[in-house]
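Keep in mind that this is a model prediction, so the values were computed, not measured. We name chains A, B, ... by the order of the sequence lines, and we start the count at 1 in each one.
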Number of protein chains: 2
Amino acid sequence: MARSNTRIQAVMHEIQSRIAARIYGPGARLPSVRAQAQVMGLSVSTVVEAYERLMAQGVLTSRPGSGFYVEGPVAPLALTEIGPKLDRAVDPLWVSRQTLEAGDAMLRPGCGWLPPALLYESGMRRALRTLARASPLELAEYASPQGQLPLRQLLSRRMLAHDIEAPPQQIMLTESGTQAIDLICRFLLEPGDTVLVDDPCYFNFHALLKAHRAQVVGVAYTPQGPDIEKFEAALQAHAPRLYITNSGIHNPTGATLSAVTAHRVLKLAERAGLTIIEDDIFADFEHSPAPRLAALDGLARVIHIGSFSKTLSASLRCGFVAARPDWIDSLIDLKIATSFAGGRLAADVTHAALTDSGYRKHMEALRIHLAQGMHTTLSRLAKLGIEPWHTPKAGMFIWCQLPDGVDSAALARRCLQQQVVLAPGNAFSPNQNAGSFLRFNVAQSTDDRVFSVLAGALREERQHR
Amino acid sequence: MARSNTRIQAVMHEIQSRIAARIYGPGARLPSVRAQAQVMGLSVSTVVEAYERLMAQGVLTSRPGSGFYVEGPVAPLALTEIGPKLDRAVDPLWVSRQTLEAGDAMLRPGCGWLPPALLYESGMRRALRTLARASPLELAEYASPQGQLPLRQLLSRRMLAHDIEAPPQQIMLTESGTQAIDLICRFLLEPGDTVLVDDPCYFNFHALLKAHRAQVVGVAYTPQGPDIEKFEAALQAHAPRLYITNSGIHNPTGATLSAVTAHRVLKLAERAGLTIIEDDIFADFEHSPAPRLAALDGLARVIHIGSFSKTLSASLRCGFVAARPDWIDSLIDLKIATSFAGGRLAADVTHAALTDSGYRKHMEALRIHLAQGMHTTLSRLAKLGIEPWHTPKAGMFIWCQLPDGVDSAALARRCLQQQVVLAPGNAFSPNQNAGSFLRFNVAQSTDDRVFSVLAGALREERQHR
């Protein structure tokens, strides 16, 4: 009886999830009880009971002799209702909210960014004082639709240092790296389109692509970039519209794209007519630059995006897109339509801070600090039997495997009770095959309590099993 | 022959516009030549010729005996290709870009905002200096997902002054008023849904709703609010999902909603299950507050949004949404997914500037300044025979009719050649029935040259006709 109840609830959840994802629109006729039962491998009576409970809840309605229909107006888009019901510990949105909302008492070794004290505080203070003396135009007028030219010129020169030829007229400023990707998705995607991502990848990609109602397909990531055979197979099997990746330093693995993989990815993309978003927000963390897809491709099918939330300040919102000139023009229209104008003040503060002579020194010191943190964190994790999947050349992330197949979501729940926020592997994995992985941020793992809590939780989790 | 060519091009444009709007997706079969001809009231041979030219351009393909199909992969979303081909002078996106891009030499009586010198410059300078001394957390950390609590508390108190009960937990900060509306559209709209707007209304609503592929229906606006009979008829004819309006001071007409109209709109909305977005960005310009839909409704079906781009600074991006608690929760998820975190710095600067004792004085002085500007501009326009549709109680806008049926788009083109940017009526009119109207901004109409150029252009336009 209890088991049958679980099955009924599974059917109910499946249907509600499809209504939330608007696969079943308002007034839509549901598959027949018999067909649904067959597809789900359940008995007809289980499905009937689920349909009837949903009728009682006002979700469905029936017409005699004609079947079951979705009742009422379309449901608002609730991202948490779309897709498989995830354990909260690995739900991408919940992980984002948990990290963003964590109070000061929390330790956040799973956090995706640096503690504020490591960002460019002195440069921010100087830039704000400079802006306080700026003209009324800078203080109070809207930004130009494409974004302030001095910052676009600076970005153009910075990209050239990575061999990316992007003149200022091929650059548009946005309010964040995420908004840059979102505008590109609005521009290129249709609901139902397939998008390739790395498995594992930055977890907010899942949430963003859900909001665009895209089908997400994960391709296994290797220490040199995506697994080329699997990448090719995915292109053939799914005809994706878009591939989103990080080249410089990959989130969450810390790996870097190799030249040969970059070249192969591009060749396959050309053959398949695939567009690629190269998210380069970790560019300034590299000691020596990895190859960039946008450099090889010349911004033909690669769209290059970035921001300074990870090095300068996350409290400022300023990102950018570099792409084909005709695409930039359409992206500007979409930006005006959906956010009117970018943040001029944010762009001016960013420009002032980046051109401040101190930024280069700040980044040099930060890279050394992170390299030391990487070394220390790797050895402290090793003592707990936690091994890196790959030793990153730079950046803040280590992608680690837990010993003895310990489940990282279960571990994350235990640590959360002790005010330590972890980032469990499956939050990053579209195929949910990183259940024994964790992402560590070396800059957020300096407190001894991170490791003592982790040791205790590991011990408990092993005993529990 | 020439006329038939025009018809062929009309058919071609119609089809390309539907492909751009993705009404005809990639691979979709087009209506038969016979059906298309009947719908458009044209001859079969005209439609055949149009289809064949589109085949020659690689837009369509044919399969013998089976009809015409949309060729190739889906086109990226180009907003300018969707909908009827508008005269550039009245294309909402073009008007936005033209105003945002206008150089310093341009006079902008058609602009939708104040010149920067009238915004709260001294308060911005003080707020930036204060922020330059803030903690690393304020300078460099992400905002909380819902937005900084002190500003939400302040907004809650401010709304209470308009009888709107919105506790801080029912408020979410956004990066702009436009982003607030965009997130609500993501949350509530399906492609193809119908949205009611006022005719005339703020022109960027058209562009925003195009990006969501909504059907826009305009309801005639009166000096007391929407025309209630037409509003009721539109509800019955189109079953819209949403109605977007301004209550305080209406853009572009400067009219204010009356209590009786507000009550009727809400009663009709309740009966029809309609959600209303009340865009209140001009709230602080009112001498005495008009009734608010959100106040009467208690935020049940009304979503109240606002920002400070029009009174404080447009260079800062900070807006807000007040709505039902369960909707706020889903909107936060959508905000994280599509822009990750709001601008903490922008929220902190906004909070500092609004709580500065000078803001109230700044607004008092600004309201007096605008009242004087309104008086002067009305009398200068009257000398040219340009009459207001309605005399606004407050704000910066006058909605005017040109004498002798002069076409405002033609006039705008003439003035643009002389570096004067006007806002022609049909850019605001979903039904394109404001061809002899212009919107003037009294704060941008202080230069004598505005009126001399206008007088000259009016004279030329009359002679031309």
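Residues Leu345(B) and Leu128(A) have side chains in contact (heavy-atom distance under 4.5 Å, counting atoms from C-beta outward). At a threshold of 4.5 Å between non-hydrogen side-chain atoms, the residues Arg133(A) and Arg129(B) do not count as touching.
Looking only at heavy-atom pairs under 4.5 Å with chain A, the residue among Ala143(B), Gly343(B), Ala239(B), Pro136(B) that has the most is Pro136(B). Most heavy-atom pairs under 4.5 Å with chain A: of the set Gly342(B), Ser144(B), Ala341(B), this distinction falls to Ala341(B). Between chain B and the options Arg126(A), Gln179(A), His212(A), Glu175(A), heavy-atom pairs under 4.5 Å are most frequent for Glu175(A). With respect to chain B, the highest number of heavy-atom pairs below 4.5 Å among Tyr202(A), Phe205(A), Tyr120(A) belongs to Tyr202(A).
Between Thr178(B) and Ile336(A), the closest heavy-atom pair is CG2-O, 4.5 Å. Residues Pro116(B) and Leu137(A) approach most closely at CG-CD1, 3.6 Å, considering heavy atoms. Summarising the geometry of Ala337(A) relative to Asn204(B), their closest heavy-atom pair is O-ND2, 3.4 Å, with the distance given to 0.1 Å.
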From CA spacing to verdict: side-chain contact (heavy atoms from CB on, under 4.5 Å), Arg125(A), Leu139(B): CA-CA 8 Å; Arg125(A) 293 189 197 282; Leu139(B) 285 172; 3.3 Å; yes
Working for side-chain contact (heavy atoms from CB on, under 4.5 Å), residues Arg186(A) and Arg186(B): CA-CA 11 Å; Arg186(A) 286 187 196 257; Arg186(B) 288 188 195 257; 2.6 Å; yes
Check against side-chain contact (heavy atoms from CB on, under 4.5 Å), Arg317(A) and Arg317(B): CA-CA 9 Å; Arg317(A) 304 304 283 152; Arg317(B) 304 303 284 153; over 6 Å; no
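Between Arg108(A) and Glu141(B), at least one side-chain N (NZ, or NE/NH1/NH2) sits under 4.0 Å from a carboxylate O, which counts as a salt bridge. Electrostatic pairing of Lys210(B) and Asp333(A) does not count as a salt bridge here, judged by no charged N lying under 4.0 Å from a carboxylate O.
Contacts of His206(B) with chain A are absent, with no heavy-atom separation under 4.5 Å from either backbone or side chain. Ala180(B) does not touch chain A: none of its heavy atoms, backbone or side chain, sits under 4.5 Å away. Asp326(A) does not touch chain B: none of its heavy atoms, backbone or side chain, sits under 4.5 Å away. Contact annotation for Ser176(B): only side-chain heavy atoms (C-beta onward) come within less than 4.5 Å of a heavy atom of chain A. In this structure, chain A has heavy atoms under 4.5 Å from both the backbone and the side chain of Arg344(B). Of the atoms belonging to Gln146(B), not a single heavy atom falls under 4.5 Å from chain A. Using a 4.5 Å cut-off between heavy atoms, Asp348(B) does not touch chain A at all.
With rounding to the nearest 0.5 angstrom, the CG atom of Leu100(B) is 4.5 Å from the CZ atom of Phe340(A).
Between the side chain of Asp182(B) and the backbone N or O of Ser339(A), no donor-acceptor pair lies under 3.5 Å.
Residues meeting the side-chain hydrogen bond (donor to acceptor under 3.5 Å, both in side chains) test with Ser122(B), sequence neighbours left out: none.
Contact residues of residues 306-315 of chain B toward chain A are Ser309(B), Lys310(B), Ser313(B), Ala314(B), Ser315(B) (heavy-atom distance under 4.5 Å).
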